[in-house]
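Quantities reported herein were computed from a predicted structural model and do not represent experimental measurements.
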Amino acid sequence: MANVESFDLDHTKVHAPYVRLAGLKRTPHGDAISKYDLRLLQPNAGAIEPAAIHTLEHLLAGYLRDHLEHVVDVSPMGCRTGMYMAVIGEPDEAGVLQAFESALSDVAAHDRPIPGVSELECGNYRDHDLDAARQHARDALSQGLKVQQTILLER
């Protein structure tokens, strides 16, 4: 099986909430695709409820694109402690941090219907929790986001 970068991260030594460059790939044409770890909760200390992370996914998919160019995808982590974001190019972590803070502020203030929530637009449209998503955004902002360096496992 191929090595997965996130399995090499020492999850006991990172301190959420944070932004971390999780990987960089080059296409056959030399274009860069950067993957960022947008961590809201401390690993192995809690998990975002499925309905809340689903709502965070819908909201951050739009709000991150409002604050950062060339976002390809925003997806929840299977462990439900944050999101991954893929971006074309190599934006610096400080710029990604600022975009993430701005997007979380937008989530915290979101008072309209959740975008993309209908049977036609979403594969599980009944499973959302806007209040919980807003609370997770407020919690992360109140704790103060930072840039986290990758700390690899010592094997």
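The only member of Ile114, Leu56, Ile53 that meets side-chain contact (heavy atoms from CB on, under 4.5 Å) when paired with His128 is Ile114.
The OG atom of Ser75 sits 11.0 Å away from the CG atom of Leu60 when rounded to the nearest 0.5 Å. One distance of note links CD of Gln98 with CG of Leu145; it measures 12.0 Å at 0.5 Å rounding. Separation of atoms CG (Leu104) and CG (Leu64) is listed at 7.5 Å; rounding is to 0.5 Å. A distance of 8.5 Å separates NE2 in His58 from CD in Glu121, rounded to the nearest 0.5 Å.
Leu40 and Met77 sit in two unconnected hydrophobic clusters of ILVMFWY residues. Membership requires side-chain heavy atoms under 4.5 Å apart, directly or through other members. If you chain together hydrophobic residues whose side chains sit under 4.5 Å apart, Ile88 and Val71 never meet in one group. In this structure, Tyr84 is not a member of the same hydrophobic cluster as Leu59, with clusters built from ILVMFWY side-chain heavy atoms closer than 4.5 Å. Follow the hydrophobic side-chain contacts under 4.5 Å out from Leu141 and you reach Leu97 in the same cluster. A chain of hydrophobic side-chain contacts below 4.5 Å, direct or via other Ile, Leu, Val, Met, Phe, Trp or Tyr residues, connects Tyr63 to Leu68.
The closest side-chain donor-acceptor pair between Asp139 and Gln135 falls under 3.5 angstrom. Between the side chains of Glu101 and His67, no donor-acceptor pair of N or O atoms lies under 3.5 Å.
Between Ser6 and His11, the closest heavy-atom pair is O-CE1, 3.2 Å. Annotation for Gln143 and Pro17: closest pair OE1-CD, 3.2 Å, computed over non-hydrogen atoms. Residues Glu93 and Gln149 come closest through the heavy atom pair OE1-NE2, 4.0 Å. In terms of heavy atoms, Cys79 sits closest to Ala47 at O-CB, 3.9 Å. Looking at every heavy atom in both residues, Val147 comes nearest to Ala94 through CG2-N, 4.4 Å. Nearest heavy atoms, Tyr36 versus Asp92: OH-C, 4.2 Å.
A heavy-atom distance below 4.5 Å is found between the side chains of Arg80 and Pro50. Looking at heavy atoms from C-beta onward, His136 lies out of side-chain contact with Val107 at the 4.5 angstrom threshold.
Using modelled atom types, one side-chain atom of Arg65 and one backbone atom of Val72 make a donor-acceptor pair closer than 3.5 Å. Within the 3.5 Å criterion, the main-chain N or O of Thr81 finds no donor-acceptor partner in the side chain of Arg39. A distance-only check finds a donor-acceptor pair linking the side chain of Gln42 to the backbone of Ala16 [under 3.5 Å].
Evaluation of the salt bridge (Lys or Arg N to Asp or Glu O under 4.0 Å) test over residues 15-27, restricted to residues two or more places apart or in two chains, returns Glu5-Arg20, Arg20-Asp37, Arg26-Glu90.
At most 12 heavy atoms of other shown residues, nucleotides or ligands fall within 6.0 angstrom of atom CG in Asn44. Glu119 CD: 12 or fewer foreign heavy atoms inside a 6.0 Å radius.
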Output, in order, the C-alpha distance, side-chain angles, deciding distance and verdict of side chain to side chain contact (heavy atoms under 4.5 Å, CB included) for Met85 and Phe100. CA-CA 10 Å; Met85 178 181 69; Phe100 191 35; over 6 Å; no
Take Asp129 and Glu49 through the test side chain to side chain contact (heavy atoms under 4.5 Å, CB included) and record every step on the way to the result. CA-CA 9 Å; Asp129 188 338; Glu49 309 79 19; 6.0 Å; no
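Other members of the cluster containing Val14 are Leu9, Tyr18, with ILVMFWY side chains joined at under 4.5 Å, either directly or via other members.
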